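Just so it is clear, the values below take in all heavy atoms, side chains as well, and ignore hydrogens, waters and symmetry mates. No experiment lies behind these values; they were computed from the predicted model shown.
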Amino acid sequence: MKRRKALKWTLIGVGGGVGVIALGGGGTVAYLWSSAKLDTAGKVDFDNPLAIPPLAESADDPSGARVFNLDIKSGTTALKQGAETETWGVNGNFLGPTIRARRGEEIAFSVYNGLDEGTSIHWHGMHLPAVMDGGPHQEVEPGGDWTPQWTLNQPAATLWYHPHPHGRTAHHVYKGLAGMFIIDDEESEALPLPATYGVDDVPLIVQDRNFNGDNQFEDGGSFMSMQGILGDEIMVNGTLGPYFDVTTRLVRLRLLNGSVSRLYNFGFSDDRPFRLIATDGGLLPEPWETDRLQLSPGERAEIVVAFEPGETAVLRSHPAAEGYTGPLARVNGGDDLLDVCQFRAADALADETSVPDALGAAPDVDPAEAAQERSFSLSGFSQINGEAMDLARIDFGVQEGTVEVWEVTNADGYMHSFHVHDVQFRVLDVDGAEPPPQLLGWKDTVQLVPQRKYRLAMRFADYTDPNLPYMFHCHILAHEDSGMMGQFVVLGEGEEIGEVPAPAHAAHG
């Protein structure tokens, strides 16, 4: 099934941009270019039942908080026939359980790091105090514990959690540290949508991997890739060649692009339509029918697809609709056609759910209220506005309770994305035009098409800390690790930007 020759590469600065030198591998550049397109359509043996991550167990403590115990550990996992793969996981050997909680709940975590190196758990998409965010300043040392606690205060949504150690995030995610975090609320539960976890409401953590001859993960970058690792094999919830037995006419799929660099353009093998009902931060105002949905790393979406009794359909990733200029799509996976998961419908299907015309509230942040406008340009492999990340540098402060508008641009010809911690934002426009339907809901991560300007409006509320910052960064993890990240703090009335405490950045700064 493998078509792309995986090569080690190194990146060098060239006049503020990035050059690529491929090392080893043999053959000619022409051959490598022609074989750089990966096509697995119809070539995957869907012979493994899709693993459904278990729901994380919890217990109430005397204060009334619901406590989840998360143990980060190393182990081995039988991902393929033959030798087991060395992996990392949370409460298991690979990936982690799905955490599920309700808006308004007080939740707490006991995170234990059983690895032999420091790591962290970042709650991607969560609105919470900076000290609970799990970014590079909350790294847990080997054998150490971390006990964050906060009150859930945001609408129902599909979020996720993953490590965020500075300079090592891609490696830690690639080894297997990731899981879903689902928030419920009364409004979402009142809708007739599919909602039985693992039956008609199915998590799909989509990731790619390269394996060597001993079934171990290979994490070298692909031939001329500007994004780092592009795996030849696709897994869902840690399952290679997965199939899912469909028992209901409508199935809700919670899609998470959990890859470190790969873009997915989701659609079905027969081009059947489906309805997008939610993006990163929750339900859309109304469903949008489409047959393609493109997600960059870190983005999530909830779709509802209809099946007929007895049929089989395959979820695929089609070639990218947009995101690259010139020939750069080919070497960055943009031309790939990939089988992802097979769905096998039973001969009789239950039909008790529906997709209503009205779903959630539209983003209510008003750009006319903006107290500040900022501009960000992402370029090369490691720079935002010409600077690389410095853990000891706070780039700016925002005032609690205010709205800001950020204009973000990808200055290169290949893919970047933009993720902001703590907030969900509204995409106001793209190059001055109304955003496409898939960007009309709440977002915390957005793909940046080269040379386009994205205006994002966001409100900073509830939590202030002049010293501990939140992050903004590219979610191509090779870029993030190389420095394409910055830091901001949220300030209360009369507060000024402080200084990052030395212990938060001394170990790995």
Side-chain angles (χ1 to χ4, degrees), residues 65 70 99 101 106-111 113 118-141 144-154 157 159-167 169 181 183 280-281 298 371-372 374 376 384 389-404 406 418-425 442 444-445 456 458-475 480 485-509:
L70 301 181
I99 300 166
E106 183 78 7
I107 57 173
F109 294 87
S110 177
V111 179
N113 180 12
T119 191
S120 68
I121 293 290
H122 165 58
W123 320 103
H124 183 123
M126 193 72 71
H127 176 51
L128 77 180
V131 71
M132 311 298 178
D133 185 52
H137 298 293
Q138 286 90 42
E139 187 167 320
V140 185
E141 294 303 315
D145 291 282
W146 181 50
T147 55
Q149 180 172 337
W150 71 94
T151 300
L152 281 178
N153 184 25
Q154 61 194 98
L159 312 183
W160 68 305
Y161 60 94
H162 63 81
H164 213 304
H166 186 48
T169 296
F181 196 133
I183 300 176
D280 298 339
Q372 180 78 38
R374 306 181 193 273
F376 303 87
I384 299 179
M389 172 71 171
D390 180 347
L391 277 175
R393 184 190 72 230
I394 297 173
D395 293 284
F396 56 87
V398 303
Q399 292 296 315
E400 191 274 333
T402 64
V403 170
E404 294 200 357
W406 294 6
F418 195 70
H419 171 52
V420 186
H421 289 207
D422 180 50
V423 297
Q424 295 288 331
F425 52 74
W442 287 114
D444 56 57
T445 308
L456 317 175
M458 60 202 81
R459 180 183 293 110
F460 299 91
D462 302 319
Y463 309 115
T464 65
D465 192 323
N467 302 307
L468 274 176
Y470 297 104
M471 308 293 122
F472 59 93
H473 59 86
C474 180
H475 218 281
E480 172 188 326
M485 181 161 62
Q487 304 186 116
F488 68 94
V489 291
V490 180
L491 303 172
E493 185 175 355
E495 288 185 328
E496 297 183 353
I497 295 174
E499 183 176 347
V500 180
H505 59 78
H508 300 285

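One finds the NE2 atom of H166 at 9.0 Å from the CD atom of E480 (value rounded to the nearest 0.5 Å). For the atom pair OG1 of T464 and CD of Q399, the computed distance is 10.0 Å after rounding to the nearest 0.5 Å. If you take NE2 on H473 and CZ on F418, they are separated by 9.5 Å, rounding to the nearest 0.5 Å. Atom CG of L159 sits about 5.5 Å away from atom CD of Q154, to the nearest 0.5 Å. Atom CH2 in W442 sits 10.0 Å away from atom CE in M458 (nearest 0.5 Å). One distance of note links NE2 of H162 with NE2 of H122; it measures 4.5 Å at 0.5 Å rounding.
Counting heavy atoms from C-beta on, the side chains of V398 and R374 come closer than 4.5 Å. For the pair I107 and I99, the minimum side-chain heavy-atom distance is 4.5 Å or more. Using a 4.5 Å heavy-atom threshold, the side chains of F109 and I121 count as separate. Side chains of M471 and M389 form a contact here, defined as non-hydrogen atoms less than 4.5 Å apart. Proximity of E139 to N113: side-chain heavy atoms (C-beta onward) are nowhere separated by under 4.5 Å.
P129 approaches W150 most closely through the heavy-atom pair CD-CB, 4.1 Å. Taking both residues in full, the closest heavy atoms of D465 and V489 are given as O-CB, 3.3 Å, listed atom of the first, atom of the second, then distance.
Residues satisfying the side-chain hydrogen bond (donor to acceptor under 3.5 Å, both in side chains) test with E495, not counting sequence neighbours, are none. Take D133 and apply the salt bridge (Lys or Arg N to Asp or Glu O under 4.0 Å) test, not counting sequence neighbours, and it matches no residue. Residues passing the side-chain hydrogen bond (donor to acceptor under 3.5 Å, both in side chains) test with D145: none are found, sequence neighbours excluded.
F396 pairs in a ring pair (Phe, Tyr, Trp, His ring centres under 6.0 Å) with only one of the listed residues (F472, Y470, F460), which is F472.
Side-chain contact, D444 with Q424: a donor N or O sits under 3.5 Å from an acceptor N or O. A donor and an acceptor atom, one from each side chain of H137 and Q487, are located under 3.5 Å apart.
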For H127 and Y463, what are the C-alpha separation, side-chain angles and deciding distance, and is it a ring-ring contact (aromatic ring centres under 6.0 Å, His included)? CA-CA 9 Å; H127 176 51; Y463 309 115; 4.8 Å; yes
